[in-house]
Amino acid sequence: MQEGLAPLAGTAEWRAFVEAAHRADRRAGTLRVVEAAGLSVDLSTQAQSDELSAAGASLLAARDFEAARARLLEGGIANCTENRAAWHTALRAEEPPGRVAGRVLAERDRVRAFVRHVDAEGRYDSVVHIGIGGSDWGPKLVVAALGYAGTRRQMRFVSNIDGHAIEAGLIGLDPRRTLVVVSSKSFNTTETLHNADCALRWLREAGIADPWEQVVAVTANPDAARDMGVAPERTFTFWDWAGGRYSVWSAIGLPIALALGAEALDGLLQGAAAMDVHFATAPLAANGPVQLALAGLANRNAFGYASLNIAPYDARLVHLVPYLQQLEMESLGKSVDLEGRPVTVPTGPVVWGMPGTDGQHTFFQWLHQGPEGAPVDFIICREADHPYPEHHRLLVANCLAQREALLRGKSASVLEAELAPKESDPARAAWLARHKMHPGGRPSTLIVLPRLSAHALGALLALYEHKVFVQGLVWGINPYDQWGVEYGKVLATGIARELAGKAPAGGHDASTAYWVAQWGNGGM
Ligand code: F6P
């Protein structure tokens, strides 16, 4: 329990911040680009003013930002409900902090040695990776992003408990040439254990005498992996102080090295570590994660935007949106502050989106003309890695155009003037103008990566991690637990037992009881 934290809405600093946001320029009167670990974060089309910057700084001071940041980076207790650190930064530091240096470096070396061994052996041409949530999105995102033009071996990622997922994950592979990686922080996750079981059966049914020899585990619970049958020398560990959704920097990154080589994993870690240094040392006004967080706070709480759209203008970042959905929504989807009181202001927004330009033909209509709108994070690379320069020009043009349209809007009077020569009936011109009108003034951020290197991708992910930390701090919530997910898991375990006839059905609402009876009677 943490005491002494003032309810946010009642503080003078919060009121000053919200009021300053309302008075700020929201029409990009001034260019405002923050350089952060090689990324350019253009916040020009967010609310901005000297008054708002000062209010943001005072707000952070009132929430004891510097002490909290130091506690996070030094491995103090950041996750109060589970009484542990959230020390993902230690996993990627070139020289990890002394307290954990030995363990972190030793495991890093073991991962690299294993990949060298697998490469030298030449035995596997496919990898089936089994894991879910934070034990899936990170490696899957990075492998798709950096392995878009091919990977060193075929990579399949299986996460869902839907049997079609494991079926698709195994189909067409040669079991004798397939390595199975089971990743789970807890080694207790239903989806992962069942899918691992299936994969093991698949190996066994192919006549492989010792299927465990083709299985490696990545976990913070090595005892459970051993009990399941994975040998300690094929078990890679990380620790409870690395949150699941912050774990790609640990041995959870193993599939990245298997798919792309250890250099890719090293580059990713280095990029994230560079963002850590930036976050720790850059002055507030030039601090990318801090400024991104403050812009998000203004959007959520001063302007009432309930969601944040992520628009990566890069087809390789196909998994970035779900990765950030887990990072942001599992971290910031909280209604209780650190003292256990109901929060006094809305917290984390809904995060959604998809790569552009596909998104433009899917939901951008809503962004431009829907009554609510949403702030958008546009993400794009300065340089592409393909041989089609005209494609990249058009991609950039679309990205910039969408931002400009959201900001500038188009008024009814301008439209009426445009329509007048074509429409003889002025009433129809006015009517049509209203349909074509764009309100404008809709905020966005443009994040430009030099190119999609492992380093830049690592920096990008760490940028969002630190943004989430700052927002969690201001809202006074714990961004490192996820009790909401745990509750559903408990209920699912009970219902699964009922469906299997291992427990009597009971205690349900009318609808759940009806469907449990339907499936239960079918003898599942
Ligand atoms: O979705 C809830 C969650 O607990 C995540 O935080 C975690 O990333 C995921 O489940 C998977 O958990 P594990 O790595 O323990 O299998």
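Indexing begins at 1, ligand by ligand and atom by atom, following the structure's order. Keep in mind that this is a model prediction, so the values were computed, not measured.
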Which heavy atom in Gln214 sits nearest to a heavy atom in Leu203, and how many Å separate them? NE2-CD2, 3.7 Å

Is the shortest side-chain heavy-atom distance between Pro139 and Val248 below 4.5 Å? yes

Sort out the contact shell of ligand 1: every protein residue with a heavy-atom distance below 4.0 Å, listed by chain and number. Ile132, Gly133, Gly134, Ser135, Ser184, Lys185, Ser186, Thr189, Gly244, Gln326, Glu330, Gln482, Val485, Glu486, Lys489

Taking the side chain as every heavy atom from C-beta outward, state whether Pro375 and Asp377 have any atom pair closer than 4.5 Å. no

Gln270 (side chain) donor-acceptor with His455 (main chain) under 3.5 angstrom: no

Please work out whether the ring planes of Phe363 and Trp352 are parallel, tilted or perpendicular, with thresholds of 30° and 60°. perpendicular

Would you find more than 12 non-hydrogen atoms of other residues, nucleotides or ligands less than 6.0 Å from Glu95 atom CD? no

